[in-house]
Amino acid sequence: DAGVTQSPTHLIKTRGQQVTLRCSPKSGHDTVSWYQQALGQGPQFIFQYYEEEERQRGNFPDRFSGHQFPNYSSELNVNALLLGDSALYLCASSLGLLPGTLFFGSGTQLSVL
Amino acid sequence: SQQGEEDPQALSIQEGENATMNCSYKTSINNLQWYRQNSGRGLVHLILIRSNEREKHSGRLRVTLDTSKKSSSLLITASRAADTASYFCATDAGGGYQKVTFGTGTKLQVIP
């Protein structure tokens, strides 16, 4: 049973560039949430996707956008990268919209130079 | 913004001792969960306690919840070196649309 997979593992970009991060949820899960975790901090909620629609959004600018595909996989896009976007980006999957356990991937470490 | 705040921020104990971490949160919740994170990678779910529960056990873990004080504690008994990790509490306000908000974390070091 495959868990949550994220790609790539590491990424280095320069300011102003755009980046796309990918996530495949755990088998049987249909909901994907994205989190940003700065060094030494707790994960911050970016947004959540269910049935290919953004259902909830945290306090992040429009430069952060996402997409969910019919197979439940998801992408996180960040435009016009800033130095402050350097962080570990975590994808979490779950089943349905009722609150419960989140299953996390290993994350993508993004460095913006 | 962080909903929860863990205390202490860092904790160092000897193997075999018990470790207690506390979490305080700001708004009413539906569920409170604890997660563990090793070396800044993915988080692993440990335990979930509902707002109408006061205590829950899972193996060497004991979680308490006091909704009147908006606080929770995680006790790890007979700690092992493998318990070295960061621990986060996470809350959701219910009402559908699962937005789980994490605290600032406690970094636990268990010395062999």
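In this text, all values refer to a predicted model and were calculated from it rather than measured experimentally. Note on naming: letters A, B, ... go to the chains in the order of the sequence lines (proteins, then strands), and numbering restarts at 1 for each one.
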For this session: Begin with the C-alpha distance, continue with both residues' side-chain angles, and end with the deciding distance and a verdict on side chain to side chain contact (heavy atoms under 4.5 Å, CB included) for A/F103 and B/V44.
Result: CA-CA 7 Å; A/F103 289 80; B/V44 175; over 6 Å; no

Mind checking whether [X] and [Y] have side chains closer than 4.5 Å, heavy atoms only?
X	Y	value
A/R57	B/K99	no
A/Q56	B/V100	no
B/F102	A/F45	no
A/L88	B/R41	yes

Under 4.5 Å between side-chain heavy atoms, hopping through other hydrophobics if needed: is there a path connecting [X] to [Y]?
X	Y	value
B/L32	B/M21	yes
B/I29	B/V63	yes
B/L11	B/W34	yes
A/W34	A/L81	yes
A/F47	A/L110	yes

Exercise. At what distance, to the nearest 0.5 angstrom, does NE2 of B/H45 lie from CZ of A/F104?
Worked result: 10.0 Å

Exercise. Distance from A/Q41 atom CD to B/S86 atom OG, nearest 0.5 Å?
Worked result: 11.0 Å

Exercise. How about B/Q9: does its CD atom have over 12 heavy atoms from other parts shown lying under 6.0 Å from it?
Worked result: no

Seminar exercise, completed: Applying a strict 4.5 Å limit to non-hydrogen atoms, the region of B/L43 in contact with chain A is both

